[in-house]
S.K.: 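Take this structure, written in structure tokens, and hold onto it; I'll ask about it next.
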Amino acid sequence: MKGSVEGWGSGAIGMAIFSGSLPATRAALEGFAPLFLTGARATLAALLAALCLAWLRQPRPARQDFASLGIVALGVVAGFPLLTALALQHITSAHAIVFVGLLPLSTALFGVLRGGERPRPLFWLFACVGAAAVSGFALSRDGAASPVGDLAMIAAILVCGLGYAEGAMLTRRLGGWQVISWALLLASPVMLLLTLITLPDISQPVTAAAWLGLAYVSVFSMFIGFAFWYRGLARGGTATVGQLQLLQPFLGLALASLLLHEPVSAAMVVAAAVVVLCVAMARRWA
């Protein structure tokens, strides 16, 4: 019982941290370009990861694990942050959060492709309905819609799902927070170079909100959130604690409205609700 309670608590903290990622990215984009933001957040998170790995004396991954760590880095460290930053130049974070509701399904789909799982036919039915709901939302005349932003968010969900699925397989051997830590270190040379190449003009003032956004996505979204999330899955069980992801779109919409004062339309709430329902049913029949 104690492990279950601790698992739910840690999982809830991780989910809440991830819910603030898109609003924080939107705030950071007020002062930083997408390429710099992507490189800087990964570089700062890699410093934290290196300190934790050294302090806790974690063993190095086996040679055969580096290819999978590269996939995790491509999807979670580079792909998702960059694509969402590019998308948020065209759409609001509230609009983008609706797409994030499909992330569990994207992860499950790549789990099938990479892990050889065989879900029941009803899984595919609900997966298609969820994808259709998001497609209909993207094609609607919502005031926050943009073809470029919507396509970037779809690509972001796909690469992140790939990174999550690959990371889930590695977690069995390396541990949860260790996976994201090693992926950050693996990507750090490229991310540091990207940061240095795209350094912003220091003569241009950067708002406090942009600095706070950068700090949040670097420290919390890229590292601390994963530590709490993976600890929750380990203590409370992946199948049970993982259901907390269903709350993320709604909490994200609330944060976008409260912190950024972005309009949250009825279409956003309805689309998010349909997607969450489809994800829940797909998991039920996986």
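Heavy atoms only: backbone and side chains are in, while hydrogens, waters and symmetry mates are out.
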S.K.: Mind checking ring-ring contact (aromatic ring centres under 6.0 Å, His included) for Tyr164 and listing every partner two or more places apart, or none if nothing turns up?
M.R.: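 Result, ring-ring contact (aromatic ring centres under 6.0 Å, His included) vs Tyr164: none returned.
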
S.K.: Look at the side chain of Ser257 and the backbone N and O of Ala254, then say whether any donor-acceptor pair between them is shorter than 3.5 Å.
M.R.: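 Not at all, since once roles are kept as given, no pair shorter than 3.5 Å links the two residues.
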
S.K.: Leu103 and Gly161: which non-hydrogen atoms are nearest, and at how many Å?
M.R.: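 In this case the closest contact between Leu103 and Gly161 is CD1-N, 3.7 Å.
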
S.K.: Give me the ring orientation class for Tyr216 and Phe220: parallel if the planes are under 30° apart, tilted from 30 to 60°, perpendicular past 60°.
M.R.: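 Ring orientation, 0 to 90° scale: parallel.
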
S.K.: Kindly give the heavy-atom pair with the smallest separation between Ala33 and Leu29, and that separation in Å.
M.R.: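 Smallest interatomic distance, heavy atoms only, reads C-CD2, 4.4 Å.
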
S.K.: So, for Ala96 and Leu88, which heavy atoms are closest and what is the spacing to 0.1 Å?
M.R.: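 That would be CB-CD2, 4.0 Å.
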
S.K.: If you look only at pairs with a residue in residues 45-63, which of them pass as a side-chain hydrogen bond (donor to acceptor under 3.5 Å, both in side chains), with sequence neighbours excluded?
M.R.: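 Of all non-adjacent pairs touching residues 45-63, those that pass side-chain hydrogen bond (donor to acceptor under 3.5 Å, both in side chains) are Gln58-Gln178.
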
S.K.: For residues Val77 and Pro81, report the shortest heavy-atom separation together with the two atoms involved.
M.R.: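 Between these two residues, the closest heavy atoms are O-CG, 3.3 Å.
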
S.K.: How long is the span from the CG atom in Leu47 to the CZ atom in Phe223, to the nearest 0.5 Å?
M.R.: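 One gets 11.0 Å once the value is rounded to the nearest 0.5 Å.
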
S.K.: Look only at the side chain of Arg26 and the backbone of Ile91, and say whether a donor-acceptor pair between them is shorter than 3.5 Å.
M.R.: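 Between the backbone of Ile91 and the side chain of Arg26 there is a qualifying donor-acceptor contact (under 3.5 Å).
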
S.K.: Whether the side chain of Ser19 engages the backbone of Met15 through a donor-acceptor N/O pair (distance < 3.5 Å, no angle test) should be reported.
M.R.: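 Yes; judged by distance alone, with no hydrogens or angles, the pair exists.
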
S.K.: Would you name the heavy atoms of Pro249 and Ile97 that are closest together and state the gap between them?
M.R.: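 It is O-CG2, 3.3 Å.
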
S.K.: Looking at Leu37 and Ala85, what are the two nearest heavy atoms and their distance?
M.R.: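 What the structure gives for the nearest pair is CD2-CB, 4.5 Å.
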
